[in-house]
Amino acid sequence: MKIYYNKKLKHLAARLRNNSTKAEIKLWNYLKNKQIMKYDFHRQKPIDTFIVDFFCNKLKLAIEVDGYTHGLEEVYEKDNLKNQRLNQLGITVLRFSYEEVMNNVDGVVTMMKEYIKKVEEGNTPPPPLIRGE
């Protein structure tokens with residue numbers, strides 16, 4: 001399935017890149033320049049009607065770093081809708097909390113690498129559920 005780049009979200013994505021959270025910056029330092037198993041990730045990528053924190057087109061993999069507001073019911077519901085739509089587009093979403101990235105970025109990177117290895121082996125696991133499901 002074709003993944004559509006939403007030009008209307010270009011300026012918002014640029015603003016988000018310029019105002020990244022500490023956790024996003026920390027994780028980006030591991031993702032940029034093809035450091036994770038030589039895969040190319042992009043920051044704040046507009047897809048469909050959403051912007052994902054990090055995206056690898058080759059893997060069809062979105063990485064989201066969720067701050068405290070993602071625990072609020074209305075944000076949680078939006079995350080569910082976002083996950084469902086991205087899954088319909090063939091994109092898997094891996095979600096990590098802000099605290100996970102800040103306190104255990106090596107563990108987060110290890111989980112990402114384990115997922116990528118499964119994809120490379122052709123054993124693509126089903127998309128993970130949002131935390132709390």
Side-chain angles (χ1 to χ4, degrees):
M1 181 173 277
K2 184 170 174 58
I3 296 173
Y4 292 97
Y5 176 81
N6 188 335
K7 290 181 184 179
K8 293 178 183 177
L9 296 175
K10 181 179 178 178
H11 294 294
L12 176 57
R15 198 169 15 168
L16 290 170
R17 277 191 297 277
N18 291 328
N19 295 296
S20 297
T21 66
K22 288 180 182 180
E24 289 171 343
I25 292 167
K26 189 170 192 171
L27 187 55
W28 178 241
N29 284 323
Y30 288 81
L31 295 173
K32 66 183 177 183
N33 301 323
K34 299 183 181 183
Q35 293 180 82
I36 304 273
M37 301 169 73
K38 308 254 187 241
Y39 285 100
D40 187 27
F41 282 86
H42 297 265
R43 292 188 308 154
Q44 304 301 335
K45 179 74 170 177
I47 299 172
D48 199 53
T49 60
F50 304 101
I51 297 175
V52 298
D53 292 336
F54 304 101
F55 182 69
C56 176
N57 190 52
K58 188 169 186 177
L59 294 167
K60 302 291 185 262
L61 176 62
I63 307 293
E64 292 282 274
V65 178
D66 294 341
Y68 75 93
T69 60
H70 291 263
L72 302 174
E73 187 172 340
E74 67 184 49
V75 178
Y76 177 82
E77 289 173 12
K78 287 180 184 178
D79 286 344
N80 267 328
L81 292 173
K82 183 177 185 177
N83 273 23
Q84 289 173 12
R85 178 60 184 144
L86 292 173
N87 290 165
Q88 288 172 346
L89 294 171
I91 298 169
T92 298
V93 181
L94 297 181
R95 289 186 173 275
F96 300 98
S97 72
Y98 182 95
E99 291 78 18
E100 282 177 295
V101 174
M102 292 304 293
N103 298 324
N104 186 17
V105 72
D106 291 329
V108 168
V109 170
T110 297
M111 285 187 264
M112 291 173 54
K113 287 179 178 179
E114 288 172 1
Y115 176 83
I116 292 168
K117 284 178 190 173
K118 288 179 182 178
V119 171
E120 289 177 338
E121 293 167 356
N123 299 323
T124 309
L129 299 174
I130 292 178
R131 300 200 188 297
E133 286 188 329

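Not measured: the values here are computed from a predicted model.
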Work out which heavy atom in Tyr30 is nearest to a heavy atom in Gln35; give both atom names and the distance.
-> O-CB, 3.2 Å
For Lys34, what residues pass the side chain to side chain contact (heavy atoms under 4.5 Å, CB included) criterion, not counting sequence neighbours?
-> Asp40
Ile116: what forms a side chain to side chain contact (heavy atoms under 4.5 Å, CB included) with it, not counting sequence neighbours?
-> Ile36, Met37, Tyr39, Leu59, Leu61, Glu120
Not counting sequence neighbours, which residues clear side chain to side chain contact (heavy atoms under 4.5 Å, CB included) with Thr49? List them please.
-> none
State, to 0.1 Å, how close Arg95 and Asp66 come at their nearest heavy-atom pair, and which atoms those are.
-> NH1-OD1, 2.8 Å
Closest heavy-atom pair and its distance - Val93, Asn83 = CG1-OD1, 3.5 Å
For Asp53 and Val65, which heavy atoms make the closest approach, and how far apart are they?
-> OD2-N, 2.7 Å
To the nearest 0.5 angstrom, please state how far the CD1 atom of Ile91 sits from the CZ atom of Arg85.
-> 9.0 Å
Do Tyr115 and Thr92 have side-chain heavy atoms sitting under 4.5 Å apart?
-> yes
Could you give the distance from CG (Asn103) to NZ (Lys26), rounded to the nearest 0.5 Å?
-> 7.0 Å
Once you round to the nearest 0.5 Å, how far does CZ of Phe50 lie from CG of Leu81?
-> 6.5 Å
Nearest 0.5 Å, what's the NZ-CZ distance between Lys58 and Phe41?
-> 12.0 Å
Does a side-chain heavy-atom distance below 4.5 Å link Arg43 with Glu24?
-> no
What pairs with Asn29 under side chain to side chain contact (heavy atoms under 4.5 Å, CB included), at least two apart in sequence or on another chain?
-> Ile25, Lys32
Could you check Met112, Glu114, Lys113 and say which one makes a side chain to side chain contact (heavy atoms under 4.5 Å, CB included) with Thr110?
-> Glu114
Roughly how far, to the nearest 0.5 Å, is the CD atom of Glu64 from the CG atom of Leu86?
-> 7.5 Å
Is Leu31 close to Val109 at the side-chain level, that is, under 4.5 Å between some pair of heavy atoms?
-> no
Interatomic spacing from CZ in Phe55 to CD1 in Ile47 - rounded to 0.5 Å | 4.0 Å
